[in-house]
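Contents: one structure, followed by commentary.
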Number of protein chains: 2
Amino acid sequence: MVTYPLVVDLVFRALADPTRRALLDALFARDGQSVQALCALVPEMTRFGVMKHLEILEGANLVTTRREGRTKLHFLNPVPIQQVADRWIGKYAQPFTRALVDLQTDLEHRTA
Amino acid sequence: MVTYPLVVDLVFRALADPTRRALLDALFARDGQSVQALCALVPEMTRFGVMKHLEILEGANLVTTRREGRTKLHFLNPVPIQQVADRWIGKYAQPFTRALVDLQTDLEHRTA
DNA sequence: AGGATAAGTGACCATTTGGTCACATGTCAA
DNA sequence: TTGACATGTGACCAAATGGTCACTTATCCT
């Protein structure tokens, strides 16, 4: 059994949670946000929950931070995502697969 | 907060476990394997554990099955991976990010 | 028929995960 | 300097997850 490098594992685990993906999306839309600002985007959860998710993202190196006075700013680092895309996903996302996707999409839209 | 379609969530959750990724890799290397054959590749776990992982992969539509007599054959379906790559990962894996990856890789290899 | 082989089921368990809260610390600004 | 604001910490909890096992079902072969 092939065991993938730590970075692949950390990133996949980090991306497994929808809240964490949403946080990355938020930083993609607007980089360098504070904890507060990010909390506002996930009103169904307390600040503590959001902070834990941010920790995990930081642990996977998907987010970097910088303190600015009493606030902490969060920045997106897409490099690990790209690496996982290269090292693992790329194997499955090939031209042939793309053709399959198009075919399946086509079939799904034929309501006949 | 943007919630991603069910398929994205199912696939990310399914891919979060290293054993499941290893199973997909095994099917990528040799498609259409039986439960037994797949178990042999994960000797540190019993058949029941492997079966549970296969169920989850099937639930995410990453694996399809066909019964052949008393054995059950498993087939890789890469379409959902491609879809996730398109719908979510693609946003972060862009030419600019690639340049960052190359830069970082370069820096990592400079042992000066 | 009947034993060996392949896979399925449901109960069960330990650990991890996702989340909350009370409380502490650090920083700005009047 | 003191109060309001932004973040950090550790304990704690419920639920999901990853895994095992005893037992069952179905199929093949002689």
Side-chain angles (χ1 to χ4, degrees), chain A residues 1-4 6 8-27 30-60 62-75, chain B residues 1-4 6 8-27 30-60 62-75:
Chain A
M1 167 176 152
V2 182
T3 57
Y4 279 92
L6 191 60
V8 173
D9 204 56
L10 276 176
V11 170
F12 267 122
R13 292 183 98 83
L15 296 184
D17 187 279
T19 301
R20 289 195 287 271
R21 291 196 302 275
L23 287 171
L24 290 181
D25 287 339
L27 291 180
R30 174 185 247 267
D31 210 10
Q33 297 194 58
S34 68
V35 176
Q36 298 268 28
L38 292 170
C39 282
L41 304 177
V42 194
E44 69 274 16
M45 193 182 302
T46 67
R47 177 173 60 91
F48 309 102
V50 173
M51 279 177 61
K52 279 204 176 180
H53 285 303
L54 288 172
E55 270 175 37
I56 291 172
L57 290 172
E58 230 182 309
L62 290 164
V63 162
T64 60
T65 63
R66 188 177 72 222
R67 262 208 104 112
E68 191 92 356
R70 63 181 155 178
T71 78
K72 185 179 187 180
L73 302 181
H74 297 74
F75 299 88
Chain B
M1 165 177 156
V2 182
T3 58
Y4 279 91
L6 191 59
V8 173
D9 203 56
L10 277 177
V11 170
F12 267 122
R13 293 183 99 81
L15 295 184
D17 187 280
T19 301
R20 289 196 286 271
R21 292 197 301 276
L23 287 171
L24 291 181
D25 287 338
L27 292 180
R30 172 186 248 266
D31 211 9
Q33 298 194 57
S34 68
V35 176
Q36 298 269 19
L38 292 170
C39 283
L41 304 177
V42 194
E44 69 274 17
M45 192 181 302
T46 66
R47 179 173 57 91
F48 310 101
V50 173
M51 279 177 61
K52 279 204 174 180
H53 285 303
L54 288 172
E55 272 175 36
I56 290 173
L57 290 171
E58 231 183 308
L62 290 164
V63 162
T64 61
T65 62
R66 189 177 74 221
R67 262 207 104 114
E68 191 93 0
R70 65 181 154 179
T71 79
K72 184 179 186 179
L73 301 181
H74 297 75
F75 299 88

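Quick caveat: nothing in here was measured; it's all calculated off a predicted structure. Note: hydrogens, waters and symmetry copies are ignored here, and every other heavy atom, side chains too, is used.
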How many Å lie between [atom1] on [X] and [atom2] on [N], as a whole number?
X: Arg47(B); N: dA6(C); atom1: CZ; atom2: P; answer: 10 Å
X: Lys72(A); N: dG26(C); atom1: NZ; atom2: C1'; answer: 13 Å
X: Met51(A); N: dC21(C); atom1: CE; atom2: P; answer: 15 Å
X: Glu55(A); N: dG19(C); atom1: CD; atom2: P; answer: 13 Å
X: Leu73(B); N: dG8(C); atom1: CG; atom2: P; answer: 11 Å
X: Leu15(A); N: dG18(C); atom1: CG; atom2: P; answer: 12 Å
X: Arg67(B); N: dA6(C); atom1: CZ; atom2: P; answer: 12 Å

Looking at Leu15(A), is its backbone amide N or carbonyl O close enough to the side chain of Arg20(A) to form a donor-acceptor pair, meaning the two atoms are under 3.5 Å apart? no

Strictly distance-based, threshold 3.5 Å: is any side-chain N or O of Gln33(B) a donor or acceptor partner for the main-chain N or O of Ala26(B)? yes

Take Leu24(B) and Val63(B) through the test side-chain contact (heavy atoms from CB on, under 4.5 Å) and record every step on the way to the result. CA-CA 8 Å; Leu24(B) 291 181; Val63(B) 162; 3.8 Å; yes

Using a cut-off of less than 4.0 Å, is there contact between a side-chain N or O of His53(A) and OP1 or OP2 of dT17(C)? no

Using a cut-off of less than 4.0 Å, is there contact between a side-chain N or O of Lys52(A) and OP1 or OP2 of dT17(C)? no

Out of dG19(C), dA6(C), dT9(C), minimum distance to the side chain of Phe48(B) belongs to dT9(C)

How long is the straight-line distance from [atom2] of [Y] back to [atom1] of [X], given to the nearest 0.5 Å?
X: Leu38(A); Y: Leu27(A); atom1: CG; atom2: CG; answer: 5.5 Å
X: Thr65(B); Y: Glu55(B); atom1: OG1; atom2: CD; answer: 10.5 Å
X: Leu54(A); Y: Lys72(A); atom1: CG; atom2: NZ; answer: 8.0 Å

Would you mind telling me which residue lines up with the more 5' stretch of DNA chain C, Met45(A) or Arg70(A), judged by nearest nucleotide? Met45(A)

Judged by each residue's nearest nucleotide on DNA chain C, which is more toward the 5′ side, Arg13(B) or His74(B)? His74(B)

Which comes earlier along DNA chain D counting from the 5' end, the contact point of Ser34(A) or that of Val50(B), where each point is its nearest nucleotide? Ser34(A)

Would you mind classifying the nucleic acid contact of Gly49(B) as base, sugar-phosphate or nothing, using non-hydrogen atoms under 4.0 angstrom? base

Is Met51(B) close to Val35(B) at the side-chain level, that is, under 4.5 Å between some pair of heavy atoms? yes

Under a criterion of less than 4.0 angstrom to any heavy atom of chain B, what are the 5'-terminal and 3'-terminal contacting nucleotides of DNA chain D? dT17(D) to dC28(D)

